[in-house]
Amino acid sequence: MKDFAEICEYIEKNIEKAIELEKLLTKIPALAPENSGDGESKKCKALEEFLCANGITDFQHFDAPDIRVTSGVRPNLVATINGKTSKNLWIMSHLDVVPAGEQSLWETPPFEAVQKNNKLYGRGTEDNQQGIVCSVMAALALKALKITPEYTIKLLFVADEEVGSKYGIQYLLEKHKLFNKEDLIITPDGGDPKGETIEIAEKNLLWLKVQTHGVQAHGSTPDEGVNAHLASCALALKINSLEKELSERNKLFVPNRSTFQPTKKESNIPNVNTIPADDVIYFDCRILPCYTLDDVRKKIKICCDEVSAEYGVTFTLSEEQAVESPSTSESCEVVQVLGDAVRRVLKIEPRVVGIGGGTVAAYLRKAGYDAVVWSKHDETMHQPNEYCVIQNLIDESKVLASVMIKNT
Ligand SMILES: [Zn+2]
């Protein structure tokens, strides 16, 4: 108890150090080559130097080769602080950021952390530097106070989260055996302003491209052709009706059902008076974990066959993205210990939730590891005028430190 009071005091007194690190990291834009950037190497090096200068010196590098960037690699860095046991507590944050977007919408320079109204504005200040900085501050507090953590702490800083994680967590899972089944893994990269939600599950994700093939004709003689656009509309309604047909509900999620939404639509013909022979539409499907993607693929095939029979078209289907992952159990250690830390520091009752999909935790869960996503933040990520609340830096650092010492 005495230790924890000291940890809290250290974090509050040293908040300038957290702000200094935010400022250092914000001024090094770490963009993926897909976003016309040069990767994360410079930012990773600056972070490593900061850690070294502050007494964290046990590093391992897991660089993923990528010839598109100057350094030739996408860096993944692990900093270790030995604990009382060899059981690992991983806190995984990502080094990369998304582009600033429309510059004129920013009130401050995007790649400079500007402090005003108890917030730090700048691209990356929240996503995901808040996670980086808070995990570092928690570790520094333990170091400074010579407190041995309950778990062996692994601060993991990964590349390439924003454009698919191929050079980040996917590379680590494929090429290196870093994780053990009993490890605890926290990704501080998603949450809510109070810090009350602990994300333990994602819907399975399927992004589907559907090309419809018909026969072109004049607009005045539709019977001479086969209208691909009409058939793709029919298919959109039929696939959307799977939202009712897959009748399972799960209260972890909002909405609590599987969703099948037609989204993007490619242009077909430039003129009004032609029956189109081709039509391309896309679906964003978010599926409750109780259904596998293969279950869904079969259902969609039936939808296509029925529309083909009725309208005389054929379909070509391709998947733009398919991610499937099991849930992390509510009763597992990482959920329990993090929940206790939230109660202790924030004096609120946490609840477990599922989300629509799209975090790196899905890759970990799919590989069989328990992983949770948690943060106390306003979710300004990817927006102009992204910010992090300085009080959140303090609170999140305390929660992570409490997890490190297992709430002793
Ligand atoms: Zn993020």
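Just so you know, ligand 1 is whichever comes first in the structure, and atom 1 is the first atom listed for that ligand.
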>> Go through it in stages, so that I can follow the logic: the residues are Tyr167 and Glu40, the test is side-chain contact (heavy atoms from CB on, under 4.5 Å), and I'd like the CA-CA distance, side-chain angles, deciding distance and then a yes or no.
In response: CA-CA 11 Å; Tyr167 300 91; Glu40 303 85 356; over 6 Å; no

>> Just to confirm my numbers, could you give the angle made at the Zn ion (ligand 1) by NE2 of His94 and OD1 of Asp189, rounded to 10°?
In response: 110°

> His61 and Asp63: side-chain donor and acceptor closer than 3.5 Å?
Replying inline: no

> So does Glu161 have any N/O/S atom less than 2.8 Å away from the Zn ion (ligand 1)?
Replying inline: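 Under 2.8 Å: Glu161 has no N, O or S contact with the Zn ion (ligand 1).
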
> Can you tell me if Glu162 has an N, O or S atom under 2.8 Å away from the Zn ion (ligand 1)?
Replying inline: no

> Is the Trp207 to Tyr282 ring centre distance short of 6.0 Å?
Replying inline: no

>> Strictly below 4.0 Å, N to O, side chains only: are Lys87 and Glu182 in salt-bridge contact?
In response: no

>> Need the atom name: nearest N/O/S atom of Asp127 to the Zn ion (ligand 1).
In response: OD1

